[in-house]
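Read through the structure below, which is laid out as structure tokens, and then see the notes.
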Protein chains: 2
Amino acid sequence: MMQTSATAERDAPSVRQQAVLDAVLGLMVEDGEQLTMDAVARRASCSKETLYKWFGDRDGLLTATVRWQASRVHAGSDAAHVLDGATLRERLQDFAVTWLEVITGPTSVALNRIAIAHAGSRKSNLGGIVLANGRFAIGERVKPVLEAGRAAGLLAFADSEAAFRTFFGLVGRDIQIRLLLGETLDFDGAEIRRDAGRAVEQFLALYGRATTDPNHHV
Amino acid sequence: MMQTSATAERDAPSVRQQAVLDAVLGLMVEDGEQLTMDAVARRASCSKETLYKWFGDRDGLLTATVRWQASRVHAGSDAAHVLDGATLRERLQDFAVTWLEVITGPTSVALNRIAIAHAGSRKSNLGGIVLANGRFAIGERVKPVLEAGRAAGLLAFADSEAAFRTFFGLVGRDIQIRLLLGETLDFDGAEIRRDAGRAVEQFLALYGRATTDPNHHV
DNA sequence: CGCGTACCGTACGGTACGGTACGCCATTCG
DNA sequence: CGAATGGCGTACCGTACCGTACGGTACGCG
């Protein structure tokens, strides 16, 4: 018995399959309750049998969807090993803005809701995937910047993981849990930038050595 | 047709009803998946008919359970309007420890999972109840302390809500989302106290005016 | 003693949903 | 042009679970 496409395992989804996964995301965002296989098939204009052939079962479909969404977030590889104070501040600000934009987006909220609901049971750890591509992915990207900042004498900390976690807390605060619990906070870009700026300033106040260069404007 | 007990609405649950709600909590913690009315009836040694008579429907039972758990958390009313640096630090430390103990507890994790899963749909906002008794309740208790600290010249901030949210972020960081997503972090009391202490120090570093009294030991 | 009340245990109906089977059409390839 | 393949639509099955109905029992009260 050859599986026509073992997409459920690891392969990148085909274009048609991506359309299906986008349909799943759409349904998640609209109403996480009626995320049924029939609804997905209807929305994606495909048959349920195809869904099962491609993704195995419902969990496989959800897992593929989470992976698909995760694969979109990755972007912007990093360079610039030499840091001055302004650049460090700028990089941190970028991370904070990006992170806030992600977690306040309806897709992230819906996806995290599904993953958290699933985390109660044991099978198919969506939570692990979301964590790996969210919290941990951003951590692995921020920590080198922090360490570069330390190497440049701009930051002082012993444990980069601990430093990142503080940064994480200063940026996110109570926003994610409030959104997940159903509160409707509306963030425009200006608000996010303001929040991110405050978080970066606070982080630098806690961990900055030279209080960043004095001739820093705006 | 008189309802024998309109408990579903607002009254405090009877002792027998509390036992039922504790059974629900037990099932939530053990395995949020099989939280079925049959399972609750079996666990609580009562009939399903009684469940429906007392709580109306499944959502009513869940809502009553969330309220019941929420009613337990409230404790320790506050006094001490005059603050010195050591007392302020101690109060904040207490709040941080209490909060960390709550959110890392299995009951809180299970309850938040249920509420978040429910927050996707519209009906019966468990999320609102959890927010009101968790995030917002602790906020309303911390803010007066912060304001007293400001009145005593120990803290400097414009918006007590914003100051509290920073405190919240410094204390919780990524802990809650990681737990909700299924990661198994084990915190003992020592770890929690260490974390709380770090958060308080960082908060005071950001918002403290006089760096708290110099002859503060321990 | 007999009756009502409250509750337990359980069986049942209705329904929603995951998963499967099958008929049909379109495209492609020999 | 005929056959095969892939996929859509749909009907169908089994099951899980919500909500209800019903029989049986213990207890209080006239």
Side-chain angles (χ1 to χ4, degrees), chain A residues 1-8 11 13-24 26-28 30-66 113-114 117-118 120-124 126, chain B residues 1-8 11 13-24 26-28 30-65 114 117-118 120-124 126:
Chain A
M1 259 308 199
M2 277 210 24
Q3 277 290 74
T4 311
S5 59
T7 305
D11 301 353
S14 71
V15 176
R16 181 76 182 96
Q17 289 169 343
Q18 291 175 14
V20 172
L21 299 181
D22 282 332
V24 176
L27 282 175
M28 280 184 182
E30 281 177 24
D31 181 5
E33 287 275 290
Q34 62 180 20
L35 186 63
T36 169
M37 298 298 279
D38 280 286
V40 172
R42 236 177 299 125
R43 167 74 71 106
S45 292
C46 73
S47 75
K48 284 209 293 176
E49 188 167 12
T50 302
L51 292 183
Y52 285 102
K53 184 175 359 181
W54 284 349
F55 304 104
D57 59 359
R58 189 173 188 271
D59 268 345
L61 177 60
L62 263 53
T63 303
T65 304
V66 172
R113 285 215 183 107
I114 304 281
H118 250 71
S121 79
R122 299 298 160 261
K123 57 182 181 182
S124 90
L126 296 182
Chain B
M1 261 300 204
M2 277 214 20
Q3 275 292 71
T4 312
S5 60
T7 305
D11 300 353
S14 71
V15 175
R16 181 75 180 95
Q17 289 169 342
Q18 290 175 12
V20 171
L21 299 181
D22 282 332
V24 176
L27 283 174
M28 280 184 181
E30 281 178 24
D31 181 5
E33 288 276 288
Q34 61 181 20
L35 187 63
T36 170
M37 298 298 279
D38 279 287
V40 172
R42 235 176 301 125
R43 168 72 72 105
S45 293
C46 73
S47 75
K48 286 211 294 175
E49 189 167 8
T50 302
L51 292 183
Y52 285 103
K53 185 177 358 184
W54 284 349
F55 305 103
D57 59 359
R58 190 173 187 274
D59 268 346
L61 177 60
L62 263 52
T63 303
T65 303
I114 305 281
H118 250 71
S121 79
R122 299 299 160 260
K123 55 182 181 182
S124 90
L126 296 182

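Naming: A, B, ... by sequence-line order, numbering from 1 per chain.
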Item checked: Worked verdict on Leu35(B) versus Ile114(B) for side chain to side chain contact (heavy atoms under 4.5 Å, CB included) -> CA-CA 10 Å; Leu35(B) 187 63; Ile114(B) 305 281; 4.1 Å; yes
Check: Hey, mind stepping through Phe55(B) and Leu21(B) against side chain to side chain contact (heavy atoms under 4.5 Å, CB included) and telling me if it holds?
Finding: CA-CA 10 Å; Phe55(B) 305 103; Leu21(B) 299 181; 3.9 Å; yes
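- Protein atom CG of Leu51(B) is 13 Å distant from nucleotide atom C1' of dT20(D), rounded to whole Å.
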Notebook entry, point to check: How does protein contact run along nucleotides 18-24 of chain C, one letter per nucleotide 5' to 3', with B for base contact, S for sugar-phosphate only, - for none, heavy atoms under 4.0 Å?
Noted result: BBBBB--
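- Interatomic distance, Asp38(A) CG to Ser47(A) OG, rounded to the nearest 0.5 Å: 11.0 Å.
- Taking each heavy atom of Arg43(A) and Ala23(A) in turn, the nearest pair found is CG-CB, 3.4 Å.
- The CZ atom of Arg43(B) sits 18 Å away from the C1' atom of dC8(C) (whole-angstrom rounding).
- Nucleic acid contact for Arg42(B): none, since no nucleic acid atom lies under 4.0 Å from a heavy atom of the residue.
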Check: What's the verdict on side chain to side chain contact (heavy atoms under 4.5 Å, CB included) for Leu61(B) and Thr65(B), showing C-alpha distance, side-chain angles and the deciding distance?
Finding: CA-CA 6 Å; Leu61(B) 177 60; Thr65(B) 303; 4.3 Å; yes
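- For Thr36(A), the side-chain hydrogen bond (donor to acceptor under 3.5 Å, both in side chains) test picks out no residue, with sequence neighbours left out.
- Between Gln34(A) and Ala41(B), the residue anchored closer to the 5' end of DNA chain C is Ala41(B), taking for each the nucleotide with the nearest heavy atom.
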